[in-house]
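One structure is given below, encoded as structure tokens.
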Amino acid sequence: MDYRTTLNLLQTEFPMRANLPAREPDFVRWWEENDIYAQVRQARVGAPRWILHDGPPYANGNLHLGQALNKILKDIAIKYKTLRGYDCPYVPGWDTQGLPTELAVQREYGLNRHQVDVLTWRGKCRELALKYVDLQREQFKRLGVRGDWEHPYLTLSPQYQARQVEAFGKIAERGLVYRALRPVYWCYRCETALAEDEVEYATKSSPSIYVAFDLTNAHDFFSSLPAGARARVLIWTTTPWTIPGNTGITLSGGATYVLARSGEDYYLVAEDLLAATAAAAHLGECESVERKRGMDLVGLVAQHPLYDRPSPIALGEHVVLDQGTGAVHTAPGHGLEDYEVAREYGLEIISPLDDYGRFTAEAGSALEGQVCDQANEQVLELLTCAGALLERGEIDHEYPHCWRCHLPVIYRATKQWFMDIEKLRTPALAEIARADWMPSWGEARISGMVEARPDWCISRQRTWGVPIPAFHCTACEQTLTNETIANHVRDLILAHPRGADVWFEKSAEELLPPGTVCPECGGSSFTKEGDIMSVWFDSGVSHYAVLRAHEELGYPADCYLEGDDQYQCWFQTSLWCATALGDPAPFRLVVGHAFFVDETGTKMSKSKGNIIAPQEIQDKYGADVLRLWFTYADFRRKMFCSEAIFEQVADAYRRIRNTLRFLLTNLQDFDPATDSVPVEEMRALDRWALGQTSALVERVTHGFDDWDLHLFYHHLHAFCARELSSFYLDVLKDTLYTDLPDAPARRSAQTALWQILQRLVIMSAPVLTFTAEEAWQQCRRLDPSQPLSVQMADWPVPDPTVADAELMARWDRLMVIREQVMVALEEAKQAGTVKKPLEAHVTLTAAGADLELLREYEAELSPSASPSPSASASPSPGPAPSPSPSPSPLPELFIVSQVRIEEGAGELQVQAQAAEGEKCARCWMVLPEVGSDQEYPDLCPRCAGRVRTLVELGS
RNA sequence: GGGCCAUUAGCUCAGUCGGUUAGAGCGCGCCCCUGAUAAGGGCGAGGUGCGUGGUUCGACUCCACGAUGGCCCA
């Protein structure tokens, strides 16, 4: 007889093979059709809110891995908080304006912005940005990210732009923006100023030149200088083209300088650098004739070698004596430190370059029209003619490059708009101290940056962006901007279907409040400002344009979560804008995550060709595996990427999935409402399992609370592999398969399995968002009273009462004994005395506490030992069902056929040998009693009894 | 060059307050099972705790210097 039909071998619709790439889109659709975002919100009405404010990714191309990580971490946090009972509105956003879009329009549409009118250009930019918003929105949804995707915030929307202009007006009204001539990073190819965070450093080869400037009043400072002798100060620079902008020479006040004779001439250089300079500039034998400290040389004046103008000596903190001559060429229009020195010493600030980097007439007819850094040769020629060039070589050094076109940038003095950081620094630092930072060193990081940050250049010479709402009086050139003007422009933007386009459509008169006159000269004729705001200002006011503007959100946000490059960018710009508006910090907690590196530990970049697209992983393994990978490592440290790691994560996924599948399978004939067993009636084994689950809940909860997301993976996976698969579920198989369906032991086990399953599924939902939903829908078939989606469930709470500490401690020892039994079984297997553990007989020789523990456990009344209620309640008049002893608890625990306990002395001894008796055809245990039942001679008594009962029930 | 951070098994991580023989899962090797089966189980081998000094009765843990790597800045 085939006894398989008498076993509880169940099946589930939860497949072993996930086939995630193909099936995940069905869940995306299902969530959308059921508007799960809204339903989840509805389920949390009235609950405390937890708001994560989305830092807007730039809508420019397919999602890359970093953006996927960022959004998924946010999704995990939001889903976790929701399950914990918070109401978490999530409004995703996009950064849609600025140079990258303009460059993309140029590239993708083959358009040149100078060949079309500004409104056409802006229209193309809008079109392209919206295209990428749609693309990325679909990609985020595909990754399982939940949010209000139908109502995202876009920086190009009239509502956003209006709030941004309003914010600018408030900040201007508070006197915190100013317009000034200042050197800024300038990319003449992109024709725009660049912010500090828009330049990247790369190695560049530059000329290395030594130039002599004749001193005009050296005799007043150096008594040793013979009358009539020529004295010169020697400078070193790597940018010859900035020589035309030279208006001074800076020394270190504390350093010692020497006047050194070389042939007939005398050279002024730092004493410590004399030898190196003499060698580099071919001065030959040098003799130091007089020493002076830098601070005693103020008043000394040099003569510009190319122009008839002075170049006075100044002092600066930035002068260091590690290279060069100790005398620093100072071109205030071409360097920030030079600019600071110029302001202090009243040096002239000139910048003889136009927007395209070409020398203007101010640089002289020999250079006019030439592109600055391509004119180095001409400058060197001029210097040679003037007898001022002592040496020219080459040097490789780190030099700033444009983040967009990756070519070297220049410093150029232009009229720019700045936020006055100096006035905001102290309050900003106070806000940083008030906020929480994760990891905690983020606070020190951003504080250091904020302390050192110069005034923030917020203007850009472009058109795809929000205009700076300012006007210039045509009569007296006075610049006019204030809250009233900004609010008037704001209203016009809000009233226009394409928002800020109105600025470019209308004249200054139409844009200004009627009757505006110049407060300086009373004039009434104005031109409008031509600059737009930096994209960093766009996103920097998102808390004002979004958090404060959406009723369902609020200020400040509970959490900002971005890549740790944002300590320098969005975290800071958001803080500056808030502080400038007089607001507290827009965040209570700031979380920073690291970036990806390849298997060798070097960062991913397009140029290295080691980029992995999130779509690749999603299409090969599924979004859930991608999401699981993001919790595989600690996101606060660099995250390694390699095929081997993906395989490992995919393996881990399968283990978790199969564990869920086993639980679901063995619950198919379980109705939680009617079959559940109260905890106090459950078997110790099952209570132990629930105790372990409770500990897991506690660990995973702590992990999420402390942002140790990787602990989710490690704890969950270890629990599935160790506590469940290799022990609990394995031990349970005999009961689950061979007991009568509603035997108390089996129902006790199923009660535990049901509770474990639910807890695992809910705890997996933030990360394994698709798989948890799939499993949840299976759970709902067993218990239809459950919420529609796992996302509406409640996070489990640890329940230590299911298993007291004493029980757990006894089990700890039992597990150690079990390990010893396994070793003995392995040895017997190797020795050939036992083929497989289930056919073994184990003898334990124990003493003291162990003996007591084993006997106590052995004596525990196993519910299987008593006839099942249905069996005993069976009215069948025939022979009473024979008692069906379960395997006593110890064989069950060790998964062997027979166990004998003997009293001994000393350490526990374990022996394994082949069990005597025949193998039961149904439960596969080897027992001497097999054959004793006349009706079923190939079964053990307990199986015979069960089969008899089943036959009676079936008839 | 400066700031912040990291470094524990092939991989990813644990390790309380400084205290026995440094743990887990995966992977790997050998074996078992075929009633979780494109599954499941057992055993085993893997560590100079980045290096060098120092503090201490005692250091993976604290300190200093250095190496390597990451982010940011110059």
Side-chain angles (χ1 to χ4, degrees), chain A residues 3-4 7-12 14-17 196-197 199-201 318 320 322-323 336-337 397-400 439-449 451-453 563-569 572 592-597 599-603 629 631-634 636-640 642 644-652 654-655 657-666 699 708 710-711 713-722 724-727 729-734 736-738 819 821-830 834-839 895 922-924:
Chain A
Y3 293 108
R4 280 180 58 103
L7 296 171
N8 308 303
L9 299 177
L10 307 172
Q11 290 198 320
T12 172
F14 186 81
M16 173 175 286
R17 300 201 64 197
E196 281 78 9
D197 37 66
V199 302
E200 52 191 33
Y201 281 76
H318 66 286
V320 289
D322 56 356
Q323 60 178 358
L336 203 55
E337 288 157 332
H397 60 157
E398 294 294 296
Y399 189 86
S440 56
W441 49 259
E443 180 176 354
R445 180 96 175 260
I446 195 169
S447 294
M449 290 171 172
E451 279 162 16
R453 159 148 215 156
D564 58 21
D565 52 342
Q566 301 301 331
Y567 287 113
Q568 184 65 13
C569 302
Q572 234 186 86
H593 63 78
F595 285 87
F596 296 98
V597 295
E599 55 264 75
T600 66
T602 44
K603 87 173 197 184
W629 171 41
T631 66
Y632 175 64
D634 187 340
R636 291 161 294 200
R637 304 187 207 169
K638 62 184 175 184
M639 301 183 65
F640 286 86
S642 74
I645 287 176
F646 301 147
E647 287 296 342
Q648 189 175 328
V649 174
D651 274 353
R654 283 180 216 116
R655 164 69 92 178
R657 182 179 182 89
N658 272 326
T659 304
L660 296 179
R661 180 168 185 268
F662 184 92
L663 300 177
L664 276 166
T665 304
N666 286 286
R699 281 195 292 268
D708 293 327
H710 60 291
L711 295 186
Y713 169 100
H714 288 277
H715 291 320
L716 178 71
H717 184 252
F719 184 77
C720 287
R722 199 176 40 203
L724 295 185
S725 287
S726 88
F727 175 64
L729 301 183
D730 213 25
V731 166
L732 235 41
K733 282 173 189 167
D734 179 79
L736 289 171
Y737 298 154
T738 72
E819 273 174 45
V821 171
M822 291 301 158
V823 173
L825 286 168
E826 185 69 20
E827 283 166 0
K829 200 167 72 181
Q830 297 296 328
V834 171
K835 240 186 106 190
K836 47 180 170 175
L838 187 56
E839 296 171 3
I895 318 184
R922 185 167 175 277
C923 73
W924 295 346

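Counting non-hydrogen atoms under 4.0 angstrom, A/Arg922 reaches a base of the nucleic acid. In this structure, A/Asp634 reaches the sugar-phosphate backbone alone: every heavy-atom distance under 4.0 Å involves primed, P, OP1 or OP2 atoms, never a base. Nucleic acid contact class of A/Tyr632 (heavy atoms, under 4.0 Å, all strands): base. Among the heavy atoms of the strands lying under 4.0 Å from A/Lys733 is at least one base atom, whether or not backbone atoms are also near. Here A/Arg636 lies out of heavy-atom contact (under 4.0 Å) with every strand. Using a 4.0 Å heavy-atom cutoff across all strands shown, A/Ala594 reaches no nucleic acid atom at all. A/Ile645 comes within 4.0 angstrom of sugar-phosphate atoms only, judged by non-hydrogen atoms across all strands, and of no base. Residue A/His714 is in base contact, counting any heavy-atom pair closer than 4.0 Å across all strands shown. Residue A/Asn658 is in base contact, counting any heavy-atom pair closer than 4.0 Å across all strands shown. If you check every strand for non-hydrogen atoms under 4.0 Å, A/Ser725 touches a base.
Between the A/Asp564 side chain and the A/Gly592 main chain, no donor and acceptor come within less than 3.5 Å of each other. Within the 3.5 Å criterion, the main-chain N or O of A/Thr631 finds no donor-acceptor partner in the side chain of A/His710. The backbone N or O of A/Pro15 lies less than 3.5 Å from a partner atom in the side chain of A/Arg657, making a donor-acceptor pair. Side-chain atoms of A/Thr665 never come within 3.5 Å of backbone atoms of A/Leu10 as a donor-acceptor pair (strictly under, hydrogens ignored).
Put simply, CD on A/Gln648 is 10 Å from C1' on B/C13, counting in whole angstrom units. Going from atom CZ of A/Phe662 over to atom P of B/A39 covers 16 Å, rounded to whole Å. Atom CD in A/Glu451 sits roughly 16 Å away from atom P in B/C73 (whole-Å rounding). Atom pair A/Arg722:CZ and B/G42:C1' shows a separation of 16 Å (rounding to whole Å applied). Separating the CD atom of A/Glu826 from the P atom of B/A45 is a distance of 12 Å, rounded to the nearest angstrom. In this structure, the CZ atom of A/Arg453 is 10 Å from the P atom of B/A74, given to the nearest Å. Following rounding to the nearest Å, A/Asp565 (CG) and B/C5 (C1') show an atom-to-atom distance of 15 Å.
Atoms CG and CZ, on A/Leu729 and A/Phe662 in that order, are 5.0 Å from each other to the nearest 0.5 Å. Here the CD atom belonging to A/Glu451 is positioned 11.0 Å from the CD1 atom belonging to A/Ile446, to the nearest 0.5 angstrom. Taken from CZ in A/Phe727 to CG in A/Leu732, the straight-line distance is 9.5 Å, to the nearest 0.5 Å. Atoms CG and OG1, on A/Leu724 and A/Thr659 in that order, are 6.5 Å from each other to the nearest 0.5 Å.
Remark: RNA chain B forms stems of 3 or more consecutive Watson-Crick or G-U wobble pairs, all pair distances under 3.5 Å, at B:1-7 with B:67-73, B:10-13 with B:23-26, B:28-32 with B:40-44, B:50-54 with B:62-66.
Of the two residues near RNA chain B, A/Arg17 and A/Phe727, the one whose nearest nucleotide lies more 5' is A/Arg17. The residue among A/His715 and A/Asn666 whose nearest nucleotide of RNA chain B is located toward the 5' end is A/His715.
Between B/A24 and B/G53, the distance separating the two C1' atoms is 33 Å to the nearest Å. Nucleotides B/C11 and B/C50, compared at atom P, are 13 Å apart to the nearest Å. To the nearest whole angstrom, the two C1' atoms, one in B/U37 and one in B/C60, are 43 Å apart. On the C1' atoms, B/C33 is 7 Å away from B/G41, given to the nearest whole Å. Comparing the C1' positions of B/U61 and B/C17 gives an interatomic distance of 10 Å, to the nearest angstrom. Distance noted for atom C1' between B/G46 and B/G10: 9 Å (whole Å). Comparing the C1' positions of B/G27 and B/C62 gives an interatomic distance of 35 Å, to the nearest angstrom. Using atom P as the reference point in both B/A6 and B/G47, the two lie 26 Å apart (nearest Å).
Between A/Arg637 and the phosphate of B/C71, there is no side-chain N or O to OP1/OP2 separation shorter than 4.0 Å. Within the structure, every side-chain polar atom (N or O) of A/Thr659 is placed at least 4.0 Å from both OP1 and OP2 of B/A36. For B/G42, the OP1/OP2 oxygens have no side-chain nitrogen or oxygen of A/Lys836 closer than 4.0 Å. Checking the phosphate oxygens (OP1, OP2) of B/U12, no side-chain nitrogen or oxygen of A/His717 falls inside 4.0 Å.
A heavy-atom distance below 4.5 Å is found between the side chains of A/Arg636 and A/Asp708. Looking at heavy atoms from C-beta onward, A/Thr12 lies in side-chain contact with A/Arg661 at the 4.5 angstrom threshold.
The side chain of A/Tyr737 lies closest to B/A36, out of B/C72, B/A36, B/C32. You'll find that the side chain of A/Leu711 is closest to B/C13, out of B/U12, B/C13, B/U37. Ranking B/G35, B/U37, B/C33 by closeness to the A/Arg661 side chain, first place goes to B/U37.
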Could you pull out the protein-nucleic contacts involving nucleotides 2-4 of chain B (nitrogen or oxygen on both sides, under 3.5 Å)?
residue, atom, partner, partner atom, Å
B/G3, N2, A/Arg445, NE, 3.2

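Ring pair A/Trp629/A/Phe596: centre-to-centre distance below 6.0 Å.
The aromatic rings of A/Tyr713 and A/His717 lie parallel to each other, with less than 30° between the two planes, well short of the 60° mark.
Because its glycosidic torsion is within 90° of 0, B/G46 is reported here as syn.
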